[in-house]
Number of protein chains: 2
Amino acid sequence: MTEALGLTSARWKVIGVIALSNSGLTVPGIARVLGQSRQAVQRITDVMVTDGLLSYQTNPKHKRSVLVVLTEEGKTAYQALRDVQDPWAIRNTEDIPIEDLDAGLRLVHRLIQKFDK
Amino acid sequence: MTEALGLTSARWKVIGVIALSNSGLTVPGIARVLGQSRQAVQRITDVMVTDGLLSYQTNPKHKRSVLVVLTEEGKTAYQALRDVQDPWAIRNTEDIPIEDLDAGLRLVHRLIQKFDK
DNA sequence: CGACCTATGTCAGCATGTTGTCATTTGACA
DNA sequence: TGTCAAATGACAACATGCTGACATAGGTCG
């Protein structure tokens, strides 16, 4: 799904997190949201900045830890992604009772919470 | 969980597949069961043979594609794994109604089947 | 039997993720 | 204000996975 847009799943995740934030996130911040190491995120964002999807912005609250924001190209990619993914998600779930999906989601959350302990 | 046994999750997966087979599997066969590339499995099994967990056995049905079998050390590791994982699985699910777990499993299977289409 | 497609082994390059280490910046606290 | 722990950046080593490519073995069909 991401391939047609020139993205990969890892970049998709990063774009998604940033798109849902208001004023940009630091690299370690993105890592915390994704539950990944900051080093892994750093590598991805560096490449994405090179590719023009993201840009680093001065962080008024921290001298070294810059904020990661979407460029116009990044925002376009995010929207293109949504235009593909949303219909896909609907297509694959529309014939399943909402109660079933909800119960499944609650079960998964419950298990995750147990595993984190 | 695997770390204490000197294993990794990738090796765990391979051992599990082989343990459930009767007379050994070929590398591409393991890959098909796991839904992974044969190259990825080949790399893992090569290391595991070096480490003494697996051994390659002549395949009467194929000159080049050998069978992968568990060594005694491999069987011991598998059992040690089960001794840790089974209680863990029970511990994390015993207070959840079996109907809920079953419904969740059916939902996941249903979604996977949709995604595969 | 020979041609041809498929399966397999093998090597290479790449993407994604982890952990460990060390220097530097931040921020809280005595 | 000085100290010190936590957070961050940066680099390295490694594990796991993918795809592509090429040669060889297996099996089917004319």
Side-chain angles (χ1 to χ4, degrees), chain A residues 1-18 21 23-69 77 81 115-116, chain B residues 1-18 21 23-69 77 81 115-116:
Chain A
M1 203 184 307
T2 56
E3 203 176 351
L5 301 172
L7 292 173
T8 64
S9 59
R11 298 182 184 200
W12 181 351
K13 287 189 287 187
V14 170
I15 286 186
V17 170
I18 299 173
S21 82
S23 50
L25 290 168
T26 63
V27 166
I30 297 170
R32 279 186 291 265
V33 173
L34 293 177
Q36 291 181 346
S37 68
R38 61 204 167 82
Q39 293 92 331
V41 174
Q42 184 78 63
R43 190 174 41 71
I44 303 285
T45 57
D46 283 348
V47 181
M48 291 175 76
V49 166
T50 300
D51 291 352
L53 291 166
L54 304 179
S55 71
Y56 291 141
Q57 203 173 72
T58 305
N59 184 354
K61 298 183 179 176
H62 202 296
K63 274 186 188 174
R64 294 173 79 200
S65 196
V66 296
L67 293 176
V68 185
V69 296
L81 210 52
F115 297 161
D116 277 344
Chain B
M1 202 183 305
T2 56
E3 202 175 353
L5 301 173
L7 292 173
T8 62
S9 60
R11 299 182 184 200
W12 182 350
K13 287 188 287 187
V14 170
I15 286 187
V17 170
I18 298 173
S21 83
S23 52
L25 290 169
T26 64
V27 167
I30 297 170
R32 280 186 290 265
V33 173
L34 292 177
Q36 291 180 348
S37 69
R38 60 203 168 84
Q39 294 93 329
V41 174
Q42 184 77 63
R43 190 174 43 71
I44 302 285
T45 58
D46 283 348
V47 182
M48 290 174 76
V49 166
T50 300
D51 290 353
L53 292 165
L54 304 179
S55 73
Y56 292 140
Q57 203 173 73
T58 305
N59 185 353
K61 297 183 180 173
H62 202 294
K63 275 188 189 174
R64 295 172 78 201
S65 196
V66 297
L67 293 176
V68 186
V69 296
L81 210 53
F115 297 162
D116 276 343

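In what follows, every heavy atom counts, from backbone to side chain, and hydrogens, waters and symmetry copies are set aside. Residue numbers begin at 1 in each chain, while the letters A, B, ... track the order of the sequences.
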Undergrad: With sequence neighbours excluded, what pairs up with A/S9 under the side-chain contact (heavy atoms from CB on, under 4.5 Å) test?
TA: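 Residues passing side-chain contact (heavy atoms from CB on, under 4.5 Å) with A/S9: none at all.
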Undergrad: Does anything in residues 47-59 of chain A reach DNA chain C, meaning a heavy atom under 4.0 Å, and if so which residues?
TA: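 DNA chain C contact set from residues 47-59 of chain A: none.
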Undergrad: Quick one: side-chain contact (heavy atoms from CB on, under 4.5 Å) partners of A/V17, sequence neighbours excluded?
TA: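 Partners of A/V17 by the side-chain contact (heavy atoms from CB on, under 4.5 Å) criterion, ordered by chain and then number, come out as A/L25, A/I30, A/V33, A/L34.
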Undergrad: Mind checking if A/V66 touches a base, just sugar-phosphate, or nothing, with heavy atoms under 4.0 Å?
TA: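 Counting heavy atoms under 4.0 Å across all strands, the contact made by A/V66 is with sugar-phosphate only.
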Undergrad: Among residues 30-40 of chain B, which ones have heavy-atom contacts with DNA chain C below 4.0 Å?
TA: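 Listed by number, they are B/R32, B/R38, B/Q39.
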Undergrad: Mind listing the N/O atom pairs, protein and nucleotides 23-27 of chain C, below 3.5 Å?
TA:
residue, atom, partner, partner atom, Å
C/dT24, O2, A/R64, NH1, 2.8
C/dT26, OP1, A/K63, N, 2.6

Undergrad: Using the test side-chain contact (heavy atoms from CB on, under 4.5 Å), find all partners of B/A10 that sit at least two apart in sequence or belong to another chain.
TA: B/T8, B/I44
Undergrad: Does A/R11 have any side-chain hydrogen bond (donor to acceptor under 3.5 Å, both in side chains) partners at least two apart in sequence or in another chain, and if so, which?
TA: A/D51
Undergrad: Pick out the pairs of N or O atoms, protein on one side and nucleotides 4-6 of chain D on the other, that lie under 3.5 Å.
TA:
none

Undergrad: Decide yes or no for B/T26 and B/H62: does some side-chain heavy atom of the first lie under 4.5 Å from some side-chain heavy atom of the second?
TA: no
Undergrad: Any salt bridge (Lys or Arg N to Asp or Glu O under 4.0 Å) pairs touching residues 26-37 of chain B, not counting sequence neighbours?
TA: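 Listed by first then second residue: nothing to list.
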Undergrad: Mind checking what makes side-chain contact (heavy atoms from CB on, under 4.5 Å) contact with A/A31, not counting sequence neighbours?
TA: A/R38, A/V41
Undergrad: Applying a 4.0 Å non-hydrogen cut-off, can you work out what B/V14 is touching in the nucleic acid: base, sugar-phosphate, or nothing?
TA: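 No contact at all - B/V14 keeps every heavy atom at 4.0 Å or more from the nucleic acid.
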Undergrad: Considering just the side-chain nitrogens and oxygens of A/T8, establish if one lies under 4.0 Å of OP1 or OP2 belonging to C/dT16.
TA: yes
Undergrad: Could you report the tightest heavy-atom contact between B/V69 and B/G24, atom names first, then the distance?
TA: CG1-CA, 4.0 Å
